[in-house]
Amino acid sequence: MNVTQVRIEPLHFERLHESVVKVFKPETYLSRIEKVLDLAKKEGLTHLLIYADREHFANLHYFTGFDPRFEEALLILAPDKKPLLLLGNEGVLYATIIPYDL
């Protein structure tokens, strides 16, 4: 049996695109929250509940930059209150990407 050893150079690929995840400055998210709470007040609402899961995350992502990959999440917004984000254990460490206090 003949064995031939051949060195193969590693392949290098060009980067196809930048990351699709972008976390904005805290002011951006807080401004969005302020605007939606103003709209809610005009409609006579005192609180907003924003639900998110793996397939339905866009609204939560818009207000926090957080994408709940592993389990459901609920964001509770109220005027003059710090936003409250309810998460399961799997999402807690991942939620540290949110750039403002909640």
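Computed from a predicted model, the values in this text were never measured in an experiment. Numbering starts at 1 and runs along the sequence shown.
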Checking the side chain of [X] only, and the main-chain atoms of [Y] only, is there a donor and an acceptor separated by less than 3.5 Å?
| X | Y | result |
| --- | --- | --- |
| T28 | F24 | no |
| E72 | A52 | no |
| R32 | Y62 | yes |

- prompt: More than 12 heavy atoms of other residues, nucleotides or ligands under 6.0 Å from CD of E55: is that the case?
  reply: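 Count over threshold, so yes.
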
message: Quick check on N89: does its CG atom have over 12 non-hydrogen neighbours (other residues, nucleotides or ligands) under 6.0 Å away?
response: no

Report yes or no: do [X] and [Y] belong to one cluster of Ile/Leu/Val/Met/Phe/Trp/Tyr joined by side chain heavy-atom distances under 4.5 Å?
| X | Y | value |
| --- | --- | --- |
| L49 | L86 | yes |
| F57 | V36 | no |
| I50 | I76 | no |
| L39 | L75 | no |
| I97 | L85 | yes |

Spacing of [X] atom [atom1] and [Y] atom [atom2] [to the nearest 0.5 Å]:
| X | Y | atom1 | atom2 | answer |
| --- | --- | --- | --- | --- |
| Y51 | H56 | OH | NE2 | 8.0 Å |
| I98 | L102 | CD1 | CG | 5.0 Å |
| N59 | T64 | CG | OG1 | 10.5 Å |
| K25 | L30 | NZ | CG | 13.0 Å |
| D53 | R69 | CG | CZ | 12.5 Å |
| L87 | F70 | CG | CZ | 12.0 Å |

- prompt: Checking side chain to side chain contact (heavy atoms under 4.5 Å, CB included) against P83, which of Y29, Y100, F63 comes through?
  reply: Y100

- prompt: Which atom names give the shortest non-hydrogen contact between P68 and A73, and what distance separates them?
  reply: CB-CB, 4.1 Å

Min side-chain heavy-atom separation H47-L77 under 4.5 Å: no

- request: Determine, stepwise, if the pair E9 / R7 fulfils salt bridge (charged side-chain N to carboxylate O under 4.0 Å, His left out).
  value: CA-CA 6 Å; E9 294 297 322; R7 179 184 159 106; 3.0 Å; yes

